[in-house]
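Quick notes on the structure that follows.
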Amino acid sequence: MYYKSLFDTILNDLEFANGRIQSDSVQSKGDVYLAKVIIPGISKKDVSIKSTDEYLSVFVKQGEKKSLLRKITLGGLVDVSSISSKLANGILEITMPKKEVKESVDIKIS
């Protein structure tokens, strides 16, 4: 059985609000995934990030309106309580720790 890695999922689902695939990078580095979203000219106060086990969404405030900029499928593979980010020089870096993968467990059938 083939399982898509989060890296594959992120690359497939990294999208601009209008549906165009962008050239932002996503890398798997050891025990984290690192997403870089290019947002030149946007200040930290105008960016917000929300996450569930399934999706991470990046929003940008434009005037009074908040718009979805990126949506990344996480597939339950990231420890969402430990996600961190920083914005510098027009690049938003999002660090997403991988969930600990446990060995398979035998399930008793009754």
Side-chain angles (χ1 to χ4, degrees):
M1 185 179 285
Y2 172 73
Y3 293 98
K4 285 175 77 174
S5 72
L6 178 60
F7 183 70
D8 293 331
T9 303
I10 289 172
L11 286 178
N12 289 334
D13 291 343
L14 189 63
E15 59 187 41
F16 197 68
N18 67 7
R20 294 189 329 246
I21 297 298
Q22 297 298 299
S23 61
D24 304 327
S25 69
V26 178
Q27 298 175 336
S28 176
K29 291 193 171 201
D31 58 353
V32 300
Y33 293 103
L34 180 63
K36 291 186 180 181
V37 180
I38 302 165
I39 51 173
I42 306 293
S43 68
K44 185 166 79 169
K45 67 178 180 58
D46 292 330
V47 178
S48 62
I49 303 170
K50 298 204 180 282
S51 185
T52 66
D53 281 341
E54 296 301 317
Y55 296 100
L56 180 132
S57 301
V58 178
F59 297 92
V60 175
K61 184 177 177 187
Q62 298 172 330
E64 295 300 314
K65 186 179 177 185
K66 188 162 91 170
S67 300
L68 176 65
L69 183 63
R70 301 285 190 277
K71 186 174 184 180
I72 299 170
T73 300
L74 303 178
L77 300 174
V78 168
D79 179 3
V80 295
S81 65
S82 299
I83 294 174
S84 62
S85 65
K86 69 178 181 177
L87 177 61
N89 302 319
I91 299 174
L92 175 64
E93 289 186 357
I94 306 168
T95 303
M96 301 171 285
K98 298 174 184 176
K99 274 192 177 174
E100 189 175 318
V101 178
K102 307 215 184 229
E103 294 295 319
S104 64
V105 201
D106 291 329
I107 307 297
K108 185 176 179 178
I109 301 172
S110 51

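Hydrogens, waters and symmetry mates are skipped; everything else that's a heavy atom, side chains included, is used.
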task = Ignoring hydrogens and angles, state whether a donor on the side chain of T95 or K29 is under 3.5 Å from an acceptor on the partner side chain.
result = no

task = Can you measure from CD1 (I42) to CD (Q62) and round to the nearest 0.5 angstrom?
result = 6.5 Å

message = List the residues meeting side chain to side chain contact (heavy atoms under 4.5 Å, CB included) with K50, not counting sequence neighbours, and say none if there are none.
response = F59, K66

Reported CZ-to-CD1 distance for the pair R70 and I39, which is rounded to 0.5 angstrom = 8.5 Å

ask   = How would you list, by chain and number, every residue that makes a side chain to side chain contact (heavy atoms under 4.5 Å, CB included) with T52, sequence neighbours excluded?
value = E54, Y55

inquiry  = Is the shortest side-chain heavy-atom distance between I83 and M96 below 4.5 Å?
reply    = yes

Return a table of donor-acceptor pairs under 3.5 angstrom between the side chains of residues 84-94 and protein atoms on other chains or two or more places apart.
none

ask   = Which atom names give the shortest non-hydrogen contact between S28 and K98, and what distance separates them?
value = OG-NZ, 2.8 Å

query = Under 4.5 Å between side-chain heavy atoms, hopping through other hydrophobics if needed: is there a path connecting V32 to I72?
reply = no

